[in-house]
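Heads up, the thing below is written out as structure tokens.
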Amino acid sequence: MAPRLYVGYDFMSGDESGTTGDNEGWDVFYGGWPQFGDLLAWKYVNLGPHYNALSEVYDYNKQSSTGGEAVYSNLQIATLGASANLLKNLNANLSYSKLTFDETKAGVDDDFGDYYQAKMKYKYNKQLSFTMYGALISPGDAFNATPKDDATEVYWESDYRF
């Protein structure tokens, strides 16, 4: 089964409130790539000053002038996960992440929320595999000023390598 338990921690600094002139936030070199999952990437996509709930938490729109870029900044991710080979060709991975902001506007909580991810991959043969993936972000207290609906994502893919 090759069971695996893992913990992880990612930290991307935020711009300290009250400072001017300098941006102390994390500058992502390839910010458009969803390295932490598509669902989290969509929370960080720069859609303009009034289209992203992150603007209510901190000065998010100062992070990028490129529309459509996923600018990961001001974020801490603590992760606990497990994976195992359930069958010879079937692998599963489950993880839970606690998301918090590094810096927020005055009076705004730093609790981004909870991030759950699940993935199953079936390797049919050497060239062909199938994957099912699901994720859920449950907003935390930082979003009390906005609607706090859960965000979900589910997809499947077929991968043929030649």
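- One finds the CD atom of Glu157 at 7.5 Å from the NZ atom of Lys121 (value rounded to the nearest 0.5 Å).
- Met120 and Leu39 sit in two unconnected hydrophobic clusters of ILVMFWY residues. Membership requires side-chain heavy atoms under 4.5 Å apart, directly or through other members.
- Expressed to the nearest 0.5 Å, how far CG of Asp110 lies from CG of Leu99 amounts to 11.0 Å.
- Annotation: the span from Glu56 atom CD to Thr104 atom OG1 amounts to 12.5 Å, rounded to 0.5 Å.
- Not a single donor-acceptor pair under 3.5 Å links the side chain of Asp159 to the backbone N or O of Ser129.
- The salt bridge (Lys or Arg N to Asp or Glu O under 4.0 Å) check on Asp141 picks up Lys148, with sequence neighbours excluded.
- With sequence neighbours excluded, the residues that form a ring-ring contact (aromatic ring centres under 6.0 Å, His included) with Tyr133 are Tyr155.
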Tabulate below the donor-acceptor pairs under 3.5 Å that side-chain atoms of residues 75-94 make, not counting sequence neighbours, or state none.
unit_1	atom_1	unit_2	atom_2	d
Gln76	OE1	Tyr9	OH	2.6
Thr79	OG1	Ser97	OG	2.7
Asn85	OD1	Asn91	ND2	2.9
Asn89	ND2	Lys123	O	3.4
Asn91	ND2	Ala84	O	3.4
Asn93	OD1	Tyr6	OH	3.0
Asn93	ND2	Tyr6	OH	3.4

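- Hydrophobic clustering, with ILVMFWY side chains joined whenever heavy atoms are under 4.5 angstrom apart, groups Tyr122 together with Met1.
- Evaluation of the salt bridge (Lys or Arg N to Asp or Glu O under 4.0 Å) rule for Asp114 yields Lys98 as partners, not counting sequence neighbours.
- Connectivity analysis of hydrophobic side chains (ILVMFWY, heavy atoms under 4.5 Å, direct or indirect) links Met132 to Trp156.
- Surrounding OH of Tyr124 are at most 12 heavy atoms belonging to other residues, nucleotides or ligands under 6.0 Å away.
- For the side chain to side chain contact (heavy atoms under 4.5 Å, CB included) criterion with Phe112, the lone passing option out of Leu54, Val57, Asn74 is Leu54.
- Here Leu136 sits in one hydrophobic cluster together with Tyr96, Tyr116; the rule is ILVMFWY side chains under 4.5 Å apart, joined directly or through other members.
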Inset, instruction - Go through Ile137 and Leu40 one step at a time and tell me if the side chain to side chain contact (heavy atoms under 4.5 Å, CB included) criterion holds. - result: CA-CA 8 Å; Ile137 293 179; Leu40 187 56; 4.1 Å; yes
Legend entry - Verdict with supporting geometry, Val108 and Tyr58, side chain to side chain contact (heavy atoms under 4.5 Å, CB included): CA-CA 9 Å; Val108 176; Tyr58 69 106; over 6 Å; no
